[in-house]
Amino acid sequence: MTTGPTSGNAMAPRRGPRGRHPSEADRAAVAVAVAGLAPVREMLIEHLHALQDRHGGLRAGHLVALAEVLRLAPVEVFEVASFYHHFEILEDTAPAPAPLTIRVCTGLPCQLAGGGALLDALAAAPPSGTRVAAAPCMGACHRAPACALGHDLVESATLTTVAAAVQSGPPALPSPPALDAYLAQGGYTALRTIRQAVDAGREAMLATLEAASLRGLGGAGFPTSRKWRLVLSQPGPRHMVVNADEGEPGTFKDRYCLETEPHRVLEGMLIAAHAVGAEACWIYLRDEYPHLHHALRREIAALDAAGIAELPIHLRRGAGAYICGEETALLESLEGRRGYPRHKPPFPGEQGLFGRPTLIHNVETLWFLPDVLGEPDGAARFAGHGRRGRQGLRFFSVSGRVRDPGEKLAPAGVTARELIEEFSGGMAKGHRLAAYLPGGASGGILPASMADLPLDFGTLDSVGCFVGSGAVVILSDQDDLAEAVRNLVRFFRDESCGQCTPCRVGTAKADALLRPPRWDRTLLEELAAAMADGSICGLGQAAMNPVRSLLRHMPEAVP
């Protein structure tokens, strides 16, 4: 039996790896774009940002060259690049995109303020050198409608202001206060005191958190002290992660906290990191806030220079994926992967970032930590603010049909009617309260007759809704509630990560079922139950909450 070729036309031995190979020009372009970035997997999304920022898109040849730099298979780079909305993959021969992309928000608060008409008008006649695209919530719901030039916000946008921004650049957003201003107000005193305490001080902190009833304020409301205990029960090394990827339509509280007092959030982060013995901190900030990215990068450097940080602080950009607000999807993204939620257990406090115990906190929770832990009566003062038997304070993002939309610091247990009348100047002129979203797109929708229910964790469960991240969107008698529900379901359809079938197929099916002039109520209920039971994470489980609550509480508004 012969072992070599038996004929002259036998296939020649293959030399080198299969697949596409980068050109020297591709390698050179990538080297310039990603200079200074560590060539490791966890930095993949940062590399993609660097490439897109420089070239206006992600050329296929550049992605192959990047895979070579990071020692990844090209398919791994392509699957990550194609997952996130803010990345645009271009073939090498494709024409260059327009120099500037105008993204118009299609979130519900912006739609109520005329965002749809603005999108249609801009799409019909784009300003020279631009292209126009629809985009999800940008965290400017209180100044709707909003659009972005690139990623720079234009708030209360009109055709005139957008045209002016294209010509002269978008108006500058407020620059957050610097370290010196925070130190002058006594900032980081709480951190210094806590660091000087012996280990026994850790148990005292946990007891203080329990007395204050401080919870995680990103949506789930898990008690903060229990989070800390879970992480502390696991062997080190440990990590501290800040979830600043708010993408829920109607939510802009993280933006408010970081714009007004970023060092208060950073001090809370360092306190929590010290309490659980974290070896590094990671801040995951949504890509829609470039002004905050620049400010945080500057202030983190100031902390390092002042010797206050005492541990590494890593700042990372999101890339336009709502699902990464889910804590395990965020961890996947930090590790340089698609934002696919993980199955639980294990929980992040047991196996989180890079497989290590990880404490994950929302920006708002960290905002309160210096006051709660840094003052002798901090827990009592915080807990004493509640109404109707509730304890504490929290931020509510109020938007929609009110005179004075914005971020409102209010007692836990406040009602939607009180938020409107006491904190938001009442209903907008000519509008009468018809319904409201108590917790953003996923929190459901309730009629005006239920506007006196306390807004707190657990208080809305019996009516099929929840307060979530505190995004309260006010709807009036002039709004089409069925169309509002369609808007919310389209959002979930577009933002489903696609990992699990109940969510991927279910959100698309729900969108289709809501389009006819008459809805099949029985089929919608069956679909909602299947999605709630079978979806991996909260997106699919809650995507039908607006539909279910409209069917249950406002059947007269159902087509």
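Please read all numbers here as calculations on a predicted model, not as lab measurements. Hydrogens, waters and symmetry mates are skipped; everything else that's a heavy atom, side chains included, is used.
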Nearest 0.5 Å, what's the CD1-CG distance between Ile313 and Leu303? 5.5 Å

May I ask you to decide if the ring planes of Trp367 and Tyr256 are parallel, tilted or perpendicular, using 30° and 60° as cut-offs? tilted

Quick check against the 3.5 Å criterion: does Asp152 have a side-chain atom that pairs as donor or acceptor with the backbone of Pro170? no

Going by heavy atoms in the side chains, are Glu42 and Leu334 under 4.5 Å from each other? no

Heavy-atom closest pair (Thr365 atom, Gly216 atom, distance to 0.1 Å) is OG1-CA, 3.5 Å

Leu108 side, atom CG; Leu475 side, atom CG - distance, nearest 0.5 Å: 6.0 Å

So CD of Glu79 and CG of Leu72: to nearest 0.5 Å the spacing works out to 9.5 Å

I'd like to know if Glu407 pairs up with Lys253 as an ion pair, taking the criterion as any Lys NZ or Arg NE/NH1/NH2 lying under 4.0 Å from an Asp or Glu carboxylate oxygen. no

Here's a test for you: under salt bridge (charged side-chain N to carboxylate O under 4.0 Å, His left out), which of Arg59, Arg131, Arg103 qualifies with Glu88? Arg131

So which atom in Gly443 and which in Cys465 form the shortest heavy-atom distance, rounded to 0.1 Å? O-CB, 3.0 Å

CG/Leu331 to CZ/Phe354 distance, rounded to the nearest 0.5 angstrom? 9.0 Å

Could you pull out the closest heavy-atom pair between Leu285 and Leu258, with the gap in Å? CD1-CD1, 4.0 Å

Reported SG-to-CD distance for the pair Cys281 and Glu310, which is rounded to 0.5 angstrom: 11.5 Å

Ring centres under 6.0 angstrom apart (Phe396, Phe423): no

Any side-chain heavy-atom pair of Glu267 and Arg264 under 4.5 Å: no

Sidechain-backbone polar pair: Arg401 side chain, Leu112 backbone, donor-acceptor under 3.5 Å: yes

Side chains of Pro370 and Leu191 in contact at under 4.5 Å (non-hydrogen atoms): no

Look only at the side chain of Thr358 and the backbone of His239, and say whether a donor-acceptor pair between them is shorter than 3.5 Å. no

Let me know which of Glu327, Glu335, Glu326 forms a salt bridge (charged side-chain N to carboxylate O under 4.0 Å, His left out) with Arg342. Glu335

Before you tell me yes or no, could you show the steps for Leu311 and Leu270 under side-chain contact (heavy atoms from CB on, under 4.5 Å), namely the whole-Å CA-CA distance, both residues' side-chain angles and the distance that decides it to 0.1 Å? CA-CA 9 Å; Leu311 77 170; Leu270 292 172; 3.4 Å; yes

Quick one: are the ring centres of His49 and His86 less than 6.0 Å apart? no

How long is the gap from CG on Leu66 to NE2 on His47, to the nearest 0.5 Å? 6.0 Å

Within the side chain of Glu299, is there an N or O that forms a donor-acceptor pair under 3.5 Å with the backbone of Leu296? no

Pair Glu495-His85, side-chain hydrogen bond (donor to acceptor under 3.5 Å, both in side chains): steps then yes or no: CA-CA 9 Å; Glu495 294 296 333; His85 295 314; 3.3 Å; yes

Check the pair Gln185, Glu261 against side-chain contact (heavy atoms from CB on, under 4.5 Å), reporting the backbone distance first and the verdict last. CA-CA 11 Å; Gln185 299 170 4; Glu261 283 288 6; 3.4 Å; yes

Check whether the side chains of Glu155 and His142 place a donor and an acceptor atom closer than 3.5 Å, and report yes or no. no

If I compare all heavy atoms of Leu37 with all of Ala50, which pair ends up nearest, and what's the gap? CD1-CB, 4.0 Å

Side-chain ion pair, Glu332 and Arg338, N-O less than 4.0 Å: no

Main-chain N/O of Leu481 paired to Asp479 side chain as donor or acceptor, under 3.5 Å: no

List the steps, then state whether side-chain contact (heavy atoms from CB on, under 4.5 Å) holds for Phe78 with Leu63. CA-CA 7 Å; Phe78 274 87; Leu63 294 180; 3.7 Å; yes

Could you report the tightest heavy-atom contact between Pro127 and Leu122, atom names first, then the distance? CD-CD2, 4.2 Å

Let's go through Tyr340 and Thr328 carefully: what are the C-alpha distance in whole Å and the side-chain angles of both, what is the deciding distance for side-chain hydrogen bond (donor to acceptor under 3.5 Å, both in side chains) to 0.1 Å, and is it a yes or a no? CA-CA 8 Å; Tyr340 277 177; Thr328 62; over 6 Å; no

State, yes or no, whether a side-chain contact exists between Ser442 and Leu539 at a heavy-atom distance under 4.5 Å. no

Do Glu279 and Met240 have side-chain heavy atoms sitting under 4.5 Å apart? no

Looking at Thr130 and Thr101, would you say the former's side chain and the latter's main chain have a donor-acceptor pair under 3.5 Å? no

Residues Glu76, Arg41; criterion side-chain contact (heavy atoms from CB on, under 4.5 Å); working and verdict: CA-CA 10 Å; Glu76 294 180 273; Arg41 172 63 186 259; 2.9 Å; yes

Check the pair Ser476, His431 against side-chain hydrogen bond (donor to acceptor under 3.5 Å, both in side chains), reporting the backbone distance first and the verdict last. CA-CA 6 Å; Ser476 82; His431 292 265; 2.7 Å; yes

Looking only at the side chains, is there a donor atom on one of Asp26 and Ser23 sitting less than 3.5 Å from an acceptor on the other? yes

Audit row: Glu483, Arg490, salt bridge (charged side-chain N to carboxylate O under 4.0 Å, His left out) steps and yes/no: CA-CA 11 Å; Glu483 186 55 38; Arg490 285 196 299 269; 3.6 Å; yes

Minimum-distance pair of heavy atoms, taken over all atoms of Pro97 and Gly56: CG-O, 3.5 Å

What do the steps show when you test Asn243 against His361 for side-chain hydrogen bond (donor to acceptor under 3.5 Å, both in side chains), and what is the final call? CA-CA 6 Å; Asn243 183 346; His361 269 316; over 6 Å; no

Side-chain touch Glu259/His291, heavy atoms, less than 4.5 angstrom: yes

For Ser399 and Val473, indicate whether the former's side chain and the latter's backbone hold a donor-acceptor pair under 3.5 Å. no

Salt bridge between Asp53 and Arg317, side-chain N to carboxylate O under 4.0 Å? yes

Can you confirm whether Tyr322 sits close enough to Cys497 that some side-chain heavy atom of one is under 4.5 Å from a side-chain heavy atom of the other? no

Are Ser397 and Thr251 close enough that a side-chain donor and a side-chain acceptor fall under 3.5 Å? no

Decide yes or no for Phe492 and Met531: does some side-chain heavy atom of the first lie under 4.5 Å from some side-chain heavy atom of the second? no

Find out whether the Lys NZ or Arg CZ of Arg286 is both under 6.0 angstrom from the six-membered ring centre of Tyr289 and within 45° of the ring's axis. yes

Ion pair check, Asp511 and Arg515, cut-off under 4.0 Å: yes

Short side-chain to backbone donor-acceptor contact, Thr161 and Ala157, under 3.5 Å: no

